[in-house]
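Computed from a predicted model, the values in this text were never measured in an experiment.
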Amino acid sequence: MVGIYAELSEGQFKKAVLETASYASQISTNGVTAICVGEPKEGESQKLATYGVQKLIVIKGFSSFDAQTYSKAIANAIQANGIETLIIANTYEGKSIGPRLAVGINAAIATNVISLPNQSNGFVVKRGVFSGKGFAYVQLGAGKKVIALTPNSIDISEKTVELSVETINETPMNSNTNIESTHKAEGKIPLTEAEIVVSAGRGLKGPENWNMVEELADLLGAATACSKPVSDMGWRPHSEHVGQTGITIKPNLYIAIGISGAIQHLAGVSSSKVIVAINKDPEAPFFKAADIGIVGDAFDILPKIIEAAKLTQN
Amino acid sequence: MSVVPDTTTKITFTDNNTKFNSQGVQFIINPYDELSLTKALEIAEKVGGTVTVATVGLADAEPVIRKALAIGANDAIRINAEPVEGMFVAQQLAEIIKNDNYDIVLTGRESIDYNGGQVTGILAELLNWPSVNVCTKMELVDGKMHFERDIDGGRQSVIANLPVIASAQKDLCEPRIPNMKGIMAARTKPLTVKEPVQLELKAHYESFESPSAKQAVRMIDAEQAGQLIDILRNEIKIIA
Ligand SMILES: Cc1cc2nc3c(=O)[nH]c(=O)nc-3n(C[C@H](O)[C@H](O)[C@H](O)COP(=O)(O)OP(=O)(O)OC[C@H]3O[C@@H](n4cnc5c(N)ncnc54)[C@H](O)[C@@H]3O)c2cc1C
Ligand SMILES: Nc1ncnc2c1ncn2[C@@H]1O[C@H](COP(=O)(O)O)[C@@H](O)[C@H]1O
């Protein structure tokens with residue numbers, strides 16, 4: 001049996017979760033079971049059924065996230081339902097419980113996975129290594145497996161099935177952590193989930209010029225990102241810093257404005273499907289990594305692009 | 001603390017793409033571990049206590065471990081094995097931690113070589129400790145650890161009882177660099193070598209691949225920059 005951990009965010013399943021469902025139903029021969037902690041909003045469970053989930057186990061009784069106690073409860077549900085292979089989205093929450101679950105159910109684990117397994121000779125998955133500078137093929141031994149899937153790595157395909165829901169009332173063990181407060185940027189697309197990312201570097205000269213970047217991002221439905229020096233200087237929050245020592249992303253479209261294209265920066269973004277580089281220096285290394293390039297001053301070019309995006313929008 | 005190739009390294013593979021080619025590669029302290037080391041020193045200086053650095057690695061990791069001692073760690077333990085797989089590394093580290101009374105174990109968000117992001121969680125579960133990942137703040141206040149950590153689309157403040165394991169994220173602190181005095185002192189600080197416990201590996205790296213080379217970039221004239229939108233929407237069909 002193949003299972004997924006269906007992470008809930010304010011009662012909703014993220015796209016990354018639907019990707020794990022689709023992944024699971026493509027490799028399972030006998031159905032997919034999903035496990036979530038907390039109650040999905042009305043109609044949400046049905047989304048899972050659209051991607052092949054036949055059974056949803058809802059674990060109730062938790063008031064807030066704690067990696068240790070969540071993992072215990074999820075591991076119990078995995079065992080009780082005969083799940084041999086668990087697919088989990090490589091989100092921050094997935095990263096904090098996936099490795100714990102692997103120990104809890106005595107499984108082999110591969111994180112950063114970007115492909116379906118090749119099962120012609122064992123169980124081999126492709127995963128990203130060296131922060132985007134390479135890939136590895138990893139053979140997972142016989143027995144249980146945990147696969148942490150990088151968001152936006154596989155195509156999702158619908159496969160609607162009948163869904164049954166089972167509820168487990170847990171009495172969680174006492175947690176050793178206590179969440180004091182949570183801040184989420186309202187209405188912004190989290191960088192790790194974004195399909196389009198507009199990113200800018202030191203070429204933008206100062207934080208006051210980011211309104212252009214944000215305007216373009218809004219028009220395209222994109223998240224914003226930046227290079228390391230930009231976040232180091234406090235022009236932008238560190239959570240926007242992409243690269244080898246920042247976040248690794250693989251959106252469908254990455255637009256880099258006034259970023260030179262240093263190897264550490266490229267490491268974090270080079271898996272993007274389409275890369276656009278805008279730089280006033282024709283020799284900027286980014287042009288070697290880009291699909292589309294524009295040489296010129298960002299302060300001239302961005303208004304033109306924004307104008308075009310506005311025009312075609314209506 | 002893991003030892004990784006310098007961030008400027010051009011990554012290549014050898015032995016028919018089955019091994020990372022370490023020839024001529026400069027090794028460094030994993031950048032996130034530089035932060036956790038600095039934070040550990042800050043906490044120890046504030047409340048008293050010592051900082052031990054533990055690394056699973058072969059003898060060639062020692063110059064980098066000495067650097068950690070030069071930055072200020074009191075002692076170091078090297079488990080003499082190739083750090084092939086997260087599960088293996090965490091099990092080796094768990095042995096060390098179980099045998100001593102550590103209150104706080106700090107790691108990095110991930111190693112920038114294999115990017116497993118596994119060791120923290122596996123170690124926590126093996127020890128049956130709470131864990132808090134990707135922290136941008138760590139403070140010991142009245143016997144409890146106060147963290148701020150990144151979550152998807154935001155951040156969160158968390159208080160944890162000891163013992164606890166937590167991983168460092170960028171922004172945690174300014175990494176310290178060794179000074180002359182530290183470098184001298186590091187020479188005589190204890191670096192104990194231990195043999196690994198024997199374990200069966202659950203995951204094997206079969207082969208590696210480099211990203212495929214990009215096709216030549218297609219240039220758009222700056223005067224016609226607005227065309228970009230048309231190309232992305234109607235030709236490549238990547239925006240709505
Ligand atoms: C250990 C380590 C880790 C690192 N990790 C990362 C990482 O994770 N991510 C990261 O991004 N960097 C990282 N770096 C830093 C990296 O080496 C580069 O210094 C950095 O990416 C450069 O940022 P930048 O391109 O914004 O700035 P710059 O290198 O200053 O480049 C600015 C670019 O803007 C162009 N420009 C200037 N004005 C204009 C204009 N008006 N219009 C258009 N273009 C203009 C210039 O031609 C230039 O190419 C790391 C470095 C080290 C040592
Ligand atoms: N070989 C190792 N020796 C000691 N600690 C390690 C080793 N590998 C990883 N770690 C720790 O675990 C963190 C996460 O690493 P990883 O799971 O490899 O991405 C690192 O930042 C280190 O703190």
Review point. For Glu195(A), is it the side chain, the backbone, both or neither that has a heavy atom under 4.5 Å from a heavy atom of chain B?
Key: neither
Check your understanding: Side chain, backbone, both or neither: which part of Ala110(A) has a heavy atom under 4.5 Å from chain B?
Key -> backbone
Check your understanding: Can you say whether Glu209(B) sits under 4.5 Å from chain A via the side chain, the backbone, both, or neither, judging by heavy atoms?
Key -> both
Review point. Rounded to the nearest 0.5 Å, how far apart are CG of Asp171(B) and NE2 of His241(A)?
Key: 10.0 Å
**Study point:** Arg127(A) (side chain) donor-acceptor with Tyr114(B) (main chain) under 3.5 angstrom
**Key:** yes
Practice item. Determine whether more than 12 heavy atoms belonging to other residues, nucleotides or ligands lie under 6.0 Å from atom CG of Asn121(A). Key: no
Point to revise | Flag if over 12 foreign heavy atoms under 6.0 Å of NZ, Lys72(A) | key: yes
Review point. Of the listed residues (Ala107(A), Ala142(A), Gly98(A)), which shares the most heavy-atom pairs with chain B below a 4.5 Å separation?
Key: Ala107(A)
Revision key, fill the gap. Okay, Pro31(B) and chain A: the region with an atom under 4.5 Å from a heavy atom over there is side chain
Study note, to complete from the structure: Looking only at Gly116(B), Gly117(B), Ser167(B), the option with the highest number of non-hydrogen pairs under 4.5 Å against chain A is Gly116(B)
Check your understanding: Is it the backbone or the side chain of Ile231(B) that comes under 4.5 Å from a heavy atom of chain A, or both, or neither?
Key -> side chain
Review point. Could you state the interatomic distance from CZ (Arg149(B)) to OG (Ser96(A)), rounded to the nearest 0.5 Å?
Key: 5.5 Å
Review point. Is the NZ atom of Lys184(A) crowded by more than 12 outside heavy atoms at less than 6.0 Å?
Key: yes
**Study point:** Heavy-atom side-chain contact between Ser181(A) and Gln156(B) under 4.5 Å
**Key:** no
Practice item. With the side chain counted from C-beta on, respond yes when Val217(B) and Asp291(A) share a heavy-atom pair under 4.5 Å apart, and no when they do not. Key: no
**Study point:** Thr177(A) vs Val132(B) side-chain heavy atoms within contact, under 4.5 Å
**Key:** yes
Exercise for review: Enter the distance from Leu253(A):CG to Ile236(B):CD1 here, rounded to the nearest 0.5 Å.
Suggested key: 8.0 Å
Point to revise | Donor on one side chain, acceptor on other, Ser9(A) and Asp152(B), under 3.5 Å | key: no
Check your understanding: Does atom CD of Gln12(A) have more than 12 heavy-atom neighbours, drawn from other residues, nucleotides or ligands, at distances under 6.0 Å?
Key -> yes
Check your understanding: Have Lys133(A) and Thr9(B) got a donor and an acceptor in their side chains that come within less than 3.5 Å?
Key -> no
Exercise for review: Identify which part of Phe20(B) has an atom lying under 4.5 Å from any heavy atom of chain A, answering side chain, backbone, both or neither.
Suggested key: side chain
Review point. Any idea which of Arg100(A), Glu180(A), Gln139(A) has the most non-hydrogen atom pairs under 4.5 angstrom with chain B?
Key: Arg100(A)
Check your understanding: Is it the backbone or the side chain of Leu232(B) that comes under 4.5 Å from a heavy atom of chain A, or both, or neither?
Key -> side chain
Check your understanding: Using non-hydrogen atoms and a limit below 4.5 Å, what part of residues 279-287 of chain A faces chain B?
Key -> Phe287(A)
Point to revise | Phe123(A) versus chain B, the contacting section by heavy-atom distance below 4.5 Å | key: neither
Check your understanding: When only pairs under 4.5 Å are counted, which of Thr12(B), Val4(B), Val134(B), Asn17(B) shares the most heavy-atom pairs with chain A?
Key -> Val134(B)
Review point. Counting N and O atoms only, with roles assigned by atom type, does the side chain of Arg109(B) sit under 3.5 Å from a partner on the main chain of Gly246(A), one being a donor and the other an acceptor?
Key: yes
Review point. Do Thr7(B) and Gln264(A) have side-chain atoms, one donor and one acceptor, less than 3.5 Å apart?
Key: yes
Exercise for review: Determine whether more than 12 heavy atoms belonging to other residues, nucleotides or ligands lie under 6.0 Å from atom CG of Leu58(B).
Suggested key: yes
Point to revise | Option that, when pairs with chain A are counted at under 4.5 Å, heavy atom only, ranks first among Gly226(B), Ala124(B), Gly86(B), Ser207(B) | key: Ser207(B)
Review point. Which residue out of Ile159(B), Val158(B), Leu126(B) racks up the most heavy-atom pairs below 4.5 Å with chain A?
Key: Ile159(B)
Exercise for review: For chain B, find which of Gly296(A), Gly293(A), Ala148(A) contributes the most heavy-atom pairs closer than 4.5 angstrom.
Suggested key: Gly293(A)
Check your understanding: Counting only heavy atoms not in Lys273(A), do more than 12 sit closer than 6.0 Å to its NZ atom?
Key -> yes
Review point. How long is the gap from CG on Asn115(B) to OG on Ser131(A), to the nearest 0.5 Å?
Key: 4.0 Å
Check your understanding: If you tally heavy-atom pairs under 4.5 Å against chain B, which of Ser239(A), Ala289(A), Gly122(A) wins?
Key -> Ala289(A)
Exercise for review: Heavy-atom distances under 4.5 Å only: say whether Asn128(B) touches chain A with side chain, backbone, both or neither.
Suggested key: both
Exercise for review: Could you pull out the closest heavy-atom pair between Gly132(A) and Pro211(B), with the gap in Å?
Suggested key: O-CG, 3.5 Å
Point to revise | Pick from Gly141(A), Pro190(A), Ala108(A) with the largest number of heavy-atom pairs that fall under 4.5 Å of chain B | key: Ala108(A)
Check your understanding: Measuring heavy-atom distances to chain A, does Asn161(B) have an atom under 4.5 Å in its side chain, in its backbone, in both, or in neither?
Key -> both
Study note, to complete from the structure: Smallest heavy-atom separation, Ala225(B) atom then Lys304(A) atom, equals CB-CB, 4.1 Å
Study note, to complete from the structure: Applying a strict 4.5 Å limit to non-hydrogen atoms, the region of Met219(B) in contact with chain A is both
Review point. What distance do Glu148(B) atom CD and His183(A) atom NE2 have between them, rounded to the nearest 0.5 Å?
Key: 6.5 Å
Check your understanding: Cut-off 3.5 Å, side chains only: do Asn112(A) and Glu110(B) have a donor facing an acceptor?
Key -> no
Exercise for review: Before giving the answer on side chain to side chain contact (heavy atoms under 4.5 Å, CB included), spell out for Ile109(A) and Ile122(B) the whole-Å C-alpha distance, their side-chain angles and the decisive distance to 0.1 Å.
Suggested key: CA-CA 10 Å; Ile109(A) 176 168; Ile122(B) 294 175; 4.3 Å; yes
Practice item. Kindly check if the number of other-residue, nucleotide or ligand heavy atoms within 6.0 Å of CG (Asp100(B)) is above 12? Key: yes
Practice item. Please tell me if the side chains of Asp150(B) and His238(A) come closer than 4.5 Å, counting only heavy atoms from C-beta onward. Key: yes
Review point. Within a reach of under 6.0 Å around CG of Asn174(A), are more than 12 heavy atoms found that belong to other residues, nucleotides or ligands?
Key: no
Review point. Does a donor on one side chain and an acceptor on the other come within less than 3.5 Å for Asn106(A) and Lys202(B)?
Key: yes
Practice item. Select, from Thr111(A), Asn176(A), Thr182(A), Val276(A), the one with the greatest count of heavy-atom pairs under 4.5 Å involving chain B. Key: Asn176(A)
Practice item. Kindly indicate, with the supporting measurements, whether the criterion side chain to side chain contact (heavy atoms under 4.5 Å, CB included) is fulfilled by Asp232(A) and Lys170(B). Key: CA-CA 10 Å; Asp232(A) 285 349; Lys170(B) 197 208 153 194; 3.3 Å; yes
Point to revise | Ion pair check, Lys126(A) and Glu206(B), cut-off under 4.0 Å | key: no
Exercise for review: Output the option from Ala216(B), Ser111(B), Ser210(B), Ser131(B) having the highest count of non-hydrogen pairs under 4.5 Å with chain A.
Suggested key: Ser131(B)
Check your understanding: Measuring heavy-atom distances to chain A, does Thr136(B) have an atom under 4.5 Å in its side chain, in its backbone, in both, or in neither?
Key -> side chain
Review point. How far does CG of Asp300(A) sit from CD of Glu223(B), to the nearest 0.5 angstrom?
Key: 8.0 Å
**Study point:** Beyond-backbone contact of Ile229(B) with Ile305(A), side-chain heavy atoms, under 4.5 angstrom
**Key:** yes
Review point. At a heavy-atom separation under 4.5 Å, does Ile112(B) approach chain A through its side chain, its backbone, both, or neither?
Key: both
